[in-house]
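Numbering of residues begins at 1 and proceeds along the displayed sequence.
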Amino acid sequence: MTAAPMPISGAVNAPDNRPLLAVEGLTVSVNTESGLRPLVSDLSFTLARGETLAIAGESGSGKSITSLAVMGLLPPPAVRITGGMVRLGETELTGLPEAQMQAIRGNRIAMIFQEPMTSLNPVLTIGTQLTEAIEAHEPLPRAEAQARALAALQAVRMSEPARRMRQYPHELSGGMRQRVMIAMAIALRPDVLIADEPTTALDVTVQREVLDLLRDLQREMGTAIILITHDMGVVAEMADRVIVMQAGRMVEEAPVRTLFAAPKAAYTRALLDAVPRMGQGALRGAGAAHRAPLAMLRDLRVTYDSRGGLLGRVTHRTHAVAGVSFDIGQGETFALVGESGCGKSTIARAIVGLAPFTGQIEINGRPLGPVLPKAARRDVQLIFQDPMASLDPRMTVGNLVCEPLVIHGIGTPETRRAQARDLFEKVGLSPDQLDRYPHEFSGGQRQRICIARALALRPKLIIADESVSALDVSVQARVLELLRALKDEFGLSYLFISHDMAVVENIADRVGVMYLGQIVELGTRAQVFGNPQHPYTRRLIEAVPVPDPTHIRTQTTRPSGEVPSPLRRLGEVPEPLHLVDIGDGHLVAR
């Protein structure tokens, strides 16, 4: 059972008008061969006690650089403040010696970073890291500092906090690690909390819990929050005021309701228009059903053994996929949704021969074994979540797109180059960019390169594994539209894997909802989103942030804490779920 949160005195229920933080004319520049280039230009804003200020914009707009400047964490001498000032209360932070800044950082002003795994020391336990952070600012006895660390974990509703203190970061899920970062940030009760994309990589249900947690802690402690995000649904739910940034400059500032109701800047309007909204998918019709199957999975199972003890015997078994069956029709987009660890990506890995499995997989009538035949690899291609990690930085993008053709011995160097030029045009890139390297492109452009490479072999099925989850909303919208257009042009089928229900509702024809390695609901888009039957499906849909600050969220009872583990003792197997047809192929676990 989750421990009760620690009592916190001095609760504040509403923001007051006293400026707690003031940023005036802030300019941050980077050294280049041609001189200083501004990354943030003449930015000014204030923050009141108990207020939430959202700084929104796309990648490269200067949001995170602004937060690092406020925290005094810019990497000198390459990047530095070249104008303006930052004041916390009566203390001017600009130019403050590092020793004095260290006393303020983490104590009066704290930060939650986007990726907790890279922010936590992998060789230290959670308890050690929390305790050291407290001891760095308050000369407490070790036992008292440990008690304070434990209380901080209790405050963030961490399950089994005493056990988590003894664990290492890799032993925790993404949602748990983010809770640890929040606990570390609030342990010293800071006046200002900067949350830099704190929920971007989290499942929608974990995101809901983290946002609720931040809101509760703010109400209890009176902390002022700067929320940095490109998710306008999160902005609508959390912010009192909003600053919209583009290319290092503020283009608009307004109360959250004013900004959503009547945005003044064209960039703000474009940003809001690009946000995927639940219900938009219904405008495209009910979704395709009963198409001739291109891919067929029957009773698919994937397990991983865990060893322990002195002899290294198998003691536990993880049932990552536990008896999954579904079809993907020709020209259909079939989406798999669910939280991290439910088995979505494991299914993708099994289909492309990267995970051993039992059961049956057929692609275009051809049975696949644990090792994918070379002929079958032409029919199935994979688009990964992180395009930069899936592109060799030593190769030009032109060679990367041609590489599948080289591996399969298709064409000559001249015909491959011509095909690469044609693919670049189809994905909205210039053929003149073929000789550039991956680092010379933006995130959205790199994802387009990955799509072009996936199309090189003219596959019948493309697996898109969280392929748009890390992209800005406007880039995401363009990539999704590109995927739709390419499906129509090439007659492609997609296995679209995502935890973003709003995106899935906008692109999928049919949807399978996964939980702990099994499908609990399966049907057309209209069936699953318009009339969800399983409690877990309803939980996923209800947790989606709504990009409307006037929306009143329905209070529902949701399971707290983390998704149960698929790990079982050796010999113990998950109880099989039975899918029942409730009409027109709408299947629900009973």
Side-chain angles (χ1 to χ4, degrees), residues 21-47 52-88 92-96 98 101-102 104-106 109-116 118-119 181 185 190 192-201 224-232 234-235 239 241-253 265 267-268 271 388 439-444 470-475:
L21 180 73
V23 175
E24 299 177 5
L26 179 67
T27 299
V28 180
S29 303
V30 60
N31 281 320
T32 67
E33 293 180 355
S34 57
L36 288 174
R37 180 173 66 86
L39 300 176
V40 175
S41 301
D42 195 26
L43 177 64
S44 299
F45 63 86
T46 60
L47 182 68
T52 298
L53 172 69
I55 302 179
E58 297 176 295
S59 299
S61 63
K63 309 185 302 295
S64 294
I65 288 292
T66 299
S67 68
L68 294 176
V70 172
M71 291 289 294
L73 292 175
L74 294 173
V79 183
R80 64 182 190 271
I81 294 175
T82 54
M85 56 159 287
V86 178
R87 188 174 64 249
L88 178 64
E92 185 171 342
L93 304 183
T94 313
L96 202 65
E98 178 60 20
M101 193 65 203
Q102 283 182 359
I104 293 173
R105 190 187 302 128
I109 182 169
M111 188 167 179
I112 304 168
F113 293 92
Q114 177 175 353
E115 180 44 68
T118 58
S119 304
M181 292 301 300
V192 177
L193 180 62
I194 301 175
D196 186 3
E197 300 279 9
T199 62
T200 296
I225 295 178
I226 297 178
L227 179 64
I228 296 172
T229 184
H230 65 257
D231 189 328
M232 300 305 288
V234 172
V235 170
R241 284 188 301 125
V242 186
I243 289 173
V244 180
M245 294 187 67
Q246 181 187 26
R249 292 184 177 275
M250 181 196 299
V251 297
E252 188 163 356
E253 179 182 9
Y267 176 74
T268 306
L271 205 60
M388 192 60 183
H439 73 273
E440 299 180 75
F441 295 85
S442 69
L471 301 180
D472 295 319
V473 288
S474 58
V475 179

Checklist entry - Does Leu271 reach the side chain of Val473, with side-chain heavy atoms less than 4.5 Å apart? => result yes
Checklist entry - Looking only at atom types and distance, does a side-chain atom of Thr46 sit under 3.5 Å from a main-chain N or O of Ala22, one as donor and one as acceptor? => result no
Item to check | Main-chain N/O of Met111 paired to Asp196 side chain as donor or acceptor, under 3.5 Å | outcome: no
Item to check | Side chain to side chain, Glu98 and Arg105, heavy atoms closer than 4.5 Å | outcome: yes
Checklist entry - Heavy-atom distance under 4.5 Å between the side chains of Pro198 and Leu227, does that happen here? => result yes
Checklist entry - Gly25 and Ser44: which non-hydrogen atoms are nearest, and at how many Å? => result N-OG, 2.7 Å
Checklist entry - Do the side chains of Asn31 and Arg80 get nearer than 4.5 Å, heavy atoms only? => result yes
Item to check | Rounded distance (nearest 0.5 Å) linking atom CZ of Arg241 with atom CZ of Phe45 | outcome: 8.5 Å
Checklist outcome for this item: All heavy atoms of Leu74 vs all of Val79, minimum pair found to be CB-O, 3.7 Å
Checklist entry - Between Met85 and Glu92, what is the shortest heavy-atom contact and its length? => result CB-OE2, 3.6 Å
Checklist outcome for this item: Rounding to 0.5 Å, atoms OG1 (Thr27) and CG (Leu36) come to a distance of 11.0 Å
Checklist outcome for this item: In short, Tyr267 meets Met245 closest at the heavy-atom pair CE2-O, 3.5 Å
Checklist entry - Which distance, rounded to the nearest 0.5 Å, do you find between the CD1 of Ile109 and the CD1 of Ile226? => result 6.5 Å
Item to check | Which atom of Ala185 lies closest to which atom of Ile112, heavy atoms considered | outcome: CB-CG1, 4.0 Å
Item to check | Thr32 backbone acceptor or donor facing Arg37 side chain under 3.5 Å | outcome: no
Item to check | side chain to side chain contact (heavy atoms under 4.5 Å, CB included) between Leu96 and Ile104, worked out | outcome: CA-CA 10 Å; Leu96 202 65; Ile104 293 173; 3.7 Å; yes
Next on the checklist: Under a 3.5 Å distance rule, please check whether Thr94 uses its side chain to pair with a backbone N or O of Val86 as donor and acceptor.
Outcome noted: yes
Next on the checklist: Can you give me the closest heavy-atom contact between Val40 and Ile65, atom names plus distance?
Outcome noted: CG2-CG2, 3.7 Å
Item to check | Leu68 CG to Ile81 CD1 distance, which is reported to the nearest 0.5 Å | outcome: 10.5 Å
Checklist entry - Just how far is it from atom CZ of Phe113 to atom OG of Ser67, taken to the nearest 0.5 Å? => result 7.5 Å
Checklist entry - Do you know which of Leu88, Ile225, Leu53 makes side-chain contact (heavy atoms from CB on, under 4.5 Å) with Val192? => result Leu88
Next on the checklist: I need the Ser61 OG to Ile228 CD1 distance, nearest 0.5 Å.
Outcome noted: 9.0 Å
